[in-house]
Structure formats: structure tokens, C-alpha cells
Amino acid sequence: QVSFQEILEMDPDKIVLLFSERPQGDFRMKYLKLLWGGVCTIVKNLGKTYRLERTLHKKKIKYDYVGNRFAAYNVWIDYYLKHEKEISAFRNLLEDDESKAVLDEVIRAIVQNDFYRYHELQNVYKYFADYDNRPIYKHLENEVWINCGSSNGDTIYRYISAQYRFKKIYAYEGNKRSYNKLRENIGLLKGSYGEGEIILSNQYVGLNEAADNLDNLFCNEKVTFINCDIEGAELGFLKGAENIIKRDAPVLAICLYHKKEDIPTIPAFIYSCNKKYKFFLRKCVSYRMDLLQTNELILYAVPEERMIISG
């Protein structure tokens with residue numbers, strides 16, 4: 001066990017293992033042998049490790065976690081190795097080489113238990129634009145946008161600050177505390193965004209065949225854009241919007257990282273609903289540090305008539 005200062009002065013060839021919690025029984029030695037098969041420096045019982053992880057990464061010192069977080073990633077590794085065919089099918093759907101490179105690097109990082117080391121999109125462009133603010137799809141003057149998982153309204157603020165126009169924004173946030181902040185933040189805008197209307201809802205949108213799913217809520221209104229970040233419920237949410245996907249073909253910007261199954265299953269479902277979609281994949285900068293930094297992976301499903309970029 002070493003101090004933070006000792007780690008800063010460490011030889012880059014050394015290996016550091018981070019224990020997010022105290023290992024049980026022979027757990028430590030098992031993973032020492034499994035991962036590296038050699039002598040390692042061990043840092044255990046860490047609290048917040050953001051600064052430490054960033055430093056290790058910058059100095060190119062190899063490190064990894066042992067504990068529940070690492071064990072969870074073993075499940076992801078096993079899943080991707082067993083579902084190579086489904087992942088390959090998704091890769092074949094991707095429209096441009098950049099999307100394929102992003103997917104390849106995400107899978108490599110997970111399977112090899114390594115950092116993501118490829119291009120990342122700045123979060124200011126998340127859902128709306130490509131690298132350097134280049135358009136990733138055509139925006140409409142009369143956009144009807146369902147913003148699912150609105151949190152505190154930060155995504156809406158980024159949208160308005162980019163001077164995108166809209167007819168309506170339906171902002172859904174089920175968490176009461178986040179919703180109160182959302183309502184407060186949107187109230188500060190005081191109509192400064194033009195003639196568009198922002199409708200706030202403190203509810204979780206129904207999944208699958210629930211009565212309050214999107215198909216039922218918007219059976220009489222055309223939807224042109226949907227983004228969704230709802231902590232692993234994305235597939236059920238999309239199944240509850242199947243008729244909208246078929247009828248309106250809205251641009252979809254969907255988080256693809258909360259569950260290991262998301263990468264093969266969500267694009268496959270969207271494509272089964274509407275084969276006119278073109279798919280793009282981008283990885284945004286992580287808001288938080290996790291083991292591999294493979295979060296903030298966004299799938300864009302763009303109908304042909306709103307295409308801008310291509311392979």
C-alpha cells in the first residue's frame with residue numbers, strides 16, 4: 001500500500017491495482033495472478049479516485065480495479081465475446097467509418113480491460129452535432145422534440161444556446177429533485193428562445209406496452225426528434241415508441257452504454273421498426289470516471305431525408 005505522492009513518482013513500467021473496497025478472502029491473490037501474474041503495487045479502500053485515476057492515465061502507468069466494479073466488467077467481457085455475431089451485425093449497419101472505429105475501440109477497451117483511447121465528442125455537442133460542431137443530421141425549424149431524462153435542463157440549454165429552432169420540447173424527468181431544478185432553470189429563460197413551447201412533465205415515461213408510453217401519449221402528434229438517457233431503460237422506452245418510429249421516423253439520439261446488451265439490441269430493434277434509418281455512433285467525453293471510460297456512447301438513428309454525413 002503506497003501514498004498518493006509515491007504513485008506520482010512511480011516508474012511508468014510499474015502496475016497499480018486499485019481496490020475500491022476491501023477484498024474478501026483470497027480474492028486479492030486470485031486477481032493478482034489472473035490479471036498480471038507479477039508483483040503489483042496495491043492501493044486499497046479508496047474513496048473518490050478521480051484525481052488518482054487521471055494522474056495514472058496521464059503518466060501512462062498501468063492500473064486496474066479489483067473488487068465489485070472489476071468483477072462486474074468481467075460479465076461485460078464475457079457477454080461481448082459470446083455475442084460477436086450480433087455486434088458484427090450492428091457494425092455492418094453503421095453508416096460511416098468513424099462510427100465503426102468508435103465501436104471497435106469501445107469493444108476493444110472492454111474486452112482488453114483498457115481505457116477508451118479514440119476520439120471523443122465534446123458534451124456541448126451531445127445529441128445535436130458532430131465533431132467541431134459540424135452537423136450530424138438536418139435540424140428542423142419546427143422540431144417536436146421529446147427530451148426523455150431531462151435532468152436539470154442542461155440539454156435544453158445547450159440546444160437553445162446553439163440557436164436551434166423548435167415548435168415544441170416535451171421535457172420528461174421523473175426524479176422530483178431533478179424536476180424541481182429543471183422547472184427552475186427553464187423558468188429563468190422567460191421565453192428568450194422565441195415562439196417555441198417547452199412542456200415540462202414530472203413523470204417517467206411508460207415502457208413497452210404501458211398506458212403512458214410514447215405511442216399513447218403522442219398518438220395524435222408528429223414527433224421529429226427523440227433523445228433518451230434513462231439509466232438502462234432505453235430499450236423498453238423505445239418499444240413503447242414503436243408506432244412513432246414507424247410512423248414519424250424521428251431522429252433518435254439514444255444512450256448506448258448503461259447495459260451490456262444495449263450495443264447489439266437497441267440498434268437491432270430500431271432497424272426492425274424502420275429500415276430507412278441510417279446509424280451513426282459517437283463517444284462523448286465522460287462526465288465521471290469509471291473503470292474504462294466507455295460511458296457516454298450515443299447512437300444516432302437518422303432517417304434518409306435528414307441525412308447529412310455519410311461513409
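Heads up: numbering here begins at 1 and tracks the sequence.
Take Glu197 and apply the side-chain contact (heavy atoms from CB on, under 4.5 Å) test, not counting sequence neighbours, and it matches Lys168, Ile199. By the side-chain contact (heavy atoms from CB on, under 4.5 Å) test, Asn185 is found to be paired with Asn152, Tyr157, Lys181, Leu188, residues two or more places apart in sequence or in another chain being considered. Residues passing the side-chain hydrogen bond (donor to acceptor under 3.5 Å, both in side chains) test with Glu143, sequence neighbours excluded: Thr224, Arg306. Under the ring pair (Phe, Tyr, Trp, His ring centres under 6.0 Å) criterion, Tyr170 pairs with Phe218, sequence neighbours left out. For Asn133, there are no side-chain hydrogen bond (donor to acceptor under 3.5 Å, both in side chains) partners, not counting sequence neighbours. By the side-chain contact (heavy atoms from CB on, under 4.5 Å) test, Leu81 pairs with Ile77, Val111, sequence neighbours left out. In this structure His83 satisfies the ring pair (Phe, Tyr, Trp, His ring centres under 6.0 Å) test together with Tyr79, sequence neighbours excluded. Shown here are the side-chain hydrogen bond (donor to acceptor under 3.5 Å, both in side chains) partners of Arg247, two or more places apart in sequence or in another chain: there are none. Every residue meeting the side-chain hydrogen bond (donor to acceptor under 3.5 Å, both in side chains) condition with Tyr131, not counting sequence neighbours, appears here in chain and number order: Glu98. Partners of Asn274 according to the side-chain contact (heavy atoms from CB on, under 4.5 Å) rule, which considers only residues two or more places apart in sequence or in another chain, are Ile245, Ala249, Lys276, Tyr277. Residues satisfying the ring pair (Phe, Tyr, Trp, His ring centres under 6.0 Å) criterion with Phe166, sequence neighbours excluded, are Tyr193. Annotation: ring pair (Phe, Tyr, Trp, His ring centres under 6.0 Å) contacts of Tyr159 (sequence neighbours excluded): Phe128, Trp145, Tyr164.
Looking at heavy atoms from C-beta onward, Cys148 lies out of side-chain contact with Asn227 at the 4.5 angstrom threshold. Residues Phe269 and Ile266 fail the side-chain proximity criterion, which asks for heavy atoms closer than 4.5 Å. The closest side-chain heavy-atom distance from Trp76 to Ile107 is not below 4.5 Å. Taking the side chain as every heavy atom from C-beta outward, Cys255 and Ile298 approach each other to under 4.5 Å. The shortest side-chain heavy-atom distance between Ile146 and Ile169 does not fall under the 4.5 Å cut-off. Counting heavy atoms from C-beta outward, Val285 and Leu121 have side chains that stay 4.5 Å or more apart. Inter-residue side-chain proximity for Tyr271 and Leu93 is flagged as met; some heavy-atom pair is nearer than 4.5 Å. Between Leu207 and Asn213 the shortest side-chain heavy-atom distance does not fall below 4.5 Å.
Side chain of Asn216 to main chain of Ala211: a donor-acceptor pair is present (N/O by atom type, distance under 3.5 Å, no hydrogens or angles). Under a 3.5 Å cut-off, the side chain of Asp215 and the backbone N or O of Ile244 do form a donor-acceptor pair. With hydrogens and angles ignored, the 3.5 Å screen pairs a side-chain donor or acceptor of Glu105 with a backbone N or O of Arg117. A donor-acceptor contact shorter than 3.5 Å links the side chain of Thr265 to the backbone of Glu261. No side-chain donor-acceptor contact under 3.5 Å links Asn208 to the backbone of Lys239. Using a distance-only test at 3.5 Å, with no hydrogens or angles considered, no donor-acceptor pair links the side chain of Ser178 to the main chain of Asn175. The main-chain N or O of Tyr127 is found under 3.5 Å from a side-chain atom of Tyr300 such that the two form a donor-acceptor pair. Side chain of Asn92 to main chain of Ala89: no donor-acceptor pair is present (N/O by atom type, distance under 3.5 Å, no hydrogens or angles).
Environment of CD in Glu84: sparse, with no more than 12 heavy atoms of neighbouring residues, nucleotides or ligands closer than 6.0 Å. Around CD of Glu195, the count of heavy atoms belonging to other residues, nucleotides or ligands within 6.0 Å does not exceed 12. Sparse packing is recorded around CZ of Arg177, with 12 or fewer heavy atoms of other residues, nucleotides or ligands lying under 6.0 Å away. Heavy atoms of other residues, nucleotides or ligands lying less than 6.0 angstrom from CD of Gln122 number 12 at most. At most 12 non-hydrogen atoms from other residues, nucleotides or ligands lie less than 6.0 angstrom from NZ of Lys167.
Note: Leu189 CG to Ile156 CD1 = 8.5 Å, rounded to the nearest 0.5 Å. Remark: Ile270 CD1 to Lys246 NZ distance equals 13.5 Å, nearest 0.5 Å. The structure places OH of Tyr179 at 6.0 Å from CG of Asn202, a figure rounded to the nearest 0.5 Å. Summarising the geometry, atom SG belonging to Cys228 is positioned 11.0 Å from atom CG belonging to Leu256; distances are rounded to the nearest 0.5 Å. Between the CG atom of Asp229 and the OG1 atom of Thr155 there is a distance of 8.0 Å, given to the nearest 0.5 Å. One finds the CG atom of Leu214 at 11.0 Å from the CG atom of Asn243 (value rounded to the nearest 0.5 Å).
A pairwise comparison of heavy atoms in Leu94 and Leu103 identifies CD1-CD2, 3.9 Å as the closest pair. Residues Pro267 and Leu299 come closest through the heavy atom pair CG-CD2, 3.9 Å. Scanning both residues, Thr294 and Ala109, for their nearest heavy atoms gives CG2-CB, 3.9 Å. Of all non-hydrogen atoms in Glu120 and Ser286, the two that sit nearest each other are OE2-N, 4.2 Å. Scanning all heavy atoms of the two residues, the minimum distance from Ser99 to Phe279 falls at OG-O, 4.4 Å. Between Leu182 and Ala171, the shortest heavy-atom distance links the atoms CD2-CB, 4.3 Å.
With a 6.0 Å cutoff to the six-membered ring centre and a 45° limit on the axis angle, Lys82 does not count as a cation-pi contact of Tyr80. For the pair Lys283 and Tyr116, the cation-pi test (distance below 6.0 Å, angle within 45°) is passed.
Using a cut-off of 4.0 Å between Lys/Arg side-chain N and Asp/Glu carboxylate O, Glu296 and Lys126 are scored as salt-bridged.
The cluster map of Ile, Leu, Val, Met, Phe, Trp and Tyr, joined by side-chain heavy atoms under 4.5 Å apart, puts Ile160 and Tyr125 in the same cluster. Linking Ile, Leu, Val, Met, Phe, Trp and Tyr residues whenever their side-chain heavy atoms come within less than 4.5 Å places Phe280 and Ile87 in a single cluster.
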- Where do Asp96 and Arg282 land on the salt bridge (charged side-chain N to carboxylate O under 4.0 Å, His left out) test, with the steps shown first? CA-CA 11 Å; Asp96 64 337; Arg282 294 293 186 267; 2.9 Å; yes

- Message: Quick one, Asp154 with Arg158, criterion salt bridge (charged side-chain N to carboxylate O under 4.0 Å, His left out). Give me CA distance, side-chain angles, the key distance, then yes/no.
- Response: CA-CA 6 Å; Asp154 56 331; Arg158 291 199 301 269; 3.6 Å; yes

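With 3.5 Å as the limit, one finds no donor-acceptor pair spanning the side chains of Asn295 and His258.
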